[in-house]
Number of protein chains: 2
Amino acid sequence: MTLVAVLGALSDPIRVGLVRVLADGRERGWGQLHAPVAKSTLSHHLRVLRDAGLTRTRQEGTRCFVELRRDDLDARFPGLLDSVLDAAHSDDIGAHVHVSDSPA
Amino acid sequence: MTLVAVLGALSDPIRVGLVRVLADGRERGWGQLHAPVAKSTLSHHLRVLRDAGLTRTRQEGTRCFVELRRDDLDARFPGLLDSVLDAAHSDDIGAHVHVSDSPA
DNA sequence: TTCGATGTTCGTCAAACATCGAACAAGGTA
DNA sequence: TACCTTGTTCGATGTTTGACGAACATCGAA
């Protein structure tokens, strides 16, 4: 989990949107995440986030759940995530990524 | 000056090193900046930083001076630069970029 | 066991990126 | 004018990235 990898992972609007959606700390099922890309592309972005250490993924049967590693991030790079989230919010980056709160 | 562009510009160790070197707020001459790349490559990295809005460049005769736009960055993305600099320092990212404080 | 749902992986493609050396432009200086 | 210094721009090259559809693997349910 390196700084450059984290910043690189955050240099894409879709991934910023995913992080924003996960920023409330709740674990989300894959199926709840909606972004305007093909599912293989979404899988790719989620892999980039995981490889950079931003998220944690849990497999349960055939379903996958993803969660932001906020504690680890805050410990390793204090303040970074918060300032990125603030900036993303005020610039409305990644707004086309959303989550359906209901079922998995 | 967008968030994604700034994060993208910072997702390269050499550019992080350049930002670190400029973080004291002093304007630096091109000739003071030393990085383990060809001069055309260094020129490219400095252009990326400028295009992303991280630096300001001033031409004086045949020399070039570069300066970090810290005020603008802090106004636009509060806390971001500081947390990146802290992280870069603790991880020693971009340490192979240095500055010769003496001549132009 | 067959089917459907859920993600991953693969093959492919175009665009972007990092890098280099060489050529170029512009400003001083001899 | 000729030359040197400084930095930019220009191909060329190889790598990485983002994207897609299709094929695959896996699990649960019918």
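Given the structure is predicted, the values throughout are model-derived calculations rather than measurements.
A salt bridge is absent between R69(B) and E67(B): the closest approach of a Lys/Arg side-chain nitrogen to an acidic carboxylate oxygen does not fall below 4.0 angstrom.
Of the possible polar contacts, one joining the Q32(B) side chain to the S100(B) backbone as a donor-acceptor pair under 3.5 Å is found. Of the possible polar contacts, one joining the S90(B) side chain to the D86(B) backbone as a donor-acceptor pair under 3.5 Å is found.
Between D12(B) and V4(A), the closest heavy-atom pair is N-CG1, 4.2 Å. A pairwise comparison of heavy atoms in S83(B) and S83(A) identifies OG-OG, 3.6 Å as the closest pair. When every heavy atom of A87(A) is checked against every heavy atom of L3(B), the shortest pair comes out as CB-CD1, 3.8 Å. Residues L54(A) and A9(A) come closest through the heavy atom pair CD1-CB, 3.6 Å. The heavy-atom pair separating A35(B) from V97(B) by the smallest distance is CB-CG2, 4.0 Å.
Separating the NE2 atom of H45(A) from the P atom of dT8(C) is a distance of 14 Å, rounded to the nearest angstrom. Between the P atom of dT5(D) and the CD atom of Q32(B) lies a distance of 18 Å, rounded to the nearest Å. Here dT6(D) presents its P atom at 11 Å from NE2 of H34(B), a figure rounded to the nearest Å. For the pair L46(A) CG and dT8(C) P, the interatomic distance rounds to 7 Å; values are reported in whole Å. Between L42(B) atom CG and dT8(D) atom C1' there is a gap of 12 Å when expressed in whole angstrom units. In this entry the distance linking CZ of R63(B) with C1' of dA25(C) reads 17 Å, nearest Å.
No side-chain heavy atom of W30(A) sits less than 4.5 Å from a side-chain heavy atom of R63(A). You'll find the side chain of R50(B) stays beyond 4.5 Å of the side chain of V66(B), heavy atoms only.
The CG atom of D72(A) lies 5.5 Å from the CZ atom of R56(A); values are rounded to the nearest 0.5 Å.
Residue H44(B) is classed as a base contact, given a heavy-atom separation below 4.0 Å to a base.
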Report all side-chain donor-acceptor pairs from residues 74-82 of chain B shorter than 3.5 Å, counting only partners two or more places apart or in another chain.
| from | atom 1 | to | atom 2 | distance (Å) |
| --- | --- | --- | --- | --- |
| R76(B) | NE | M1(B) | O | 3.1 |
| R76(B) | NH1 | D91(A) | OD1 | 3.3 |
| R76(B) | NH2 | D91(A) | OD2 | 3.0 |
| R76(B) | NH2 | M1(B) | O | 3.1 |
| D82(B) | OD1 | R70(B) | NH1 | 3.2 |

Each nucleotide in nucleotides 21-30 of chain D should get exactly one letter: B, S or -. Can you fill that in based on protein heavy atoms under 4.0 Å? BB----S---
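Distances shorter than 4.0 Å separate none of the side-chain N or O atoms of S43(A) from OP1 or OP2 on dG7(C). The side chain of W30(A) places no N or O atom within less than 4.0 Å of a non-bridging phosphate oxygen (OP1 or OP2) of dA5(C).
Residues from residues 47-58 of chain B with heavy atoms under 4.0 angstrom of DNA chain C: there are none. Listed by residue number, the members of residues 10-17 of chain B with any heavy atom below 4.0 angstrom from DNA chain D form an empty set.
Hydrophobic cluster membership differs between V48(B) and I93(B), with clusters built from Ile, Leu, Val, Met, Phe, Trp and Tyr side chains linked at under 4.5 angstrom.
Applying the side chain to side chain donor-acceptor pair (under 3.5 Å) test to residues at least two apart or on different chains, the pairs with a partner in residues 13-22 of chain A are R15(A)-H45(A).
In terms of position on DNA chain C, the residue among V37(B) and Q59(A) whose nearest nucleotide sits closer to the 5' end is Q59(A).
Consecutive Watson-Crick or G-U pairing (both distances under 3.5 Å) extending over three or more pairs maps onto DNA chain D as C:1-30 with D:1-30.
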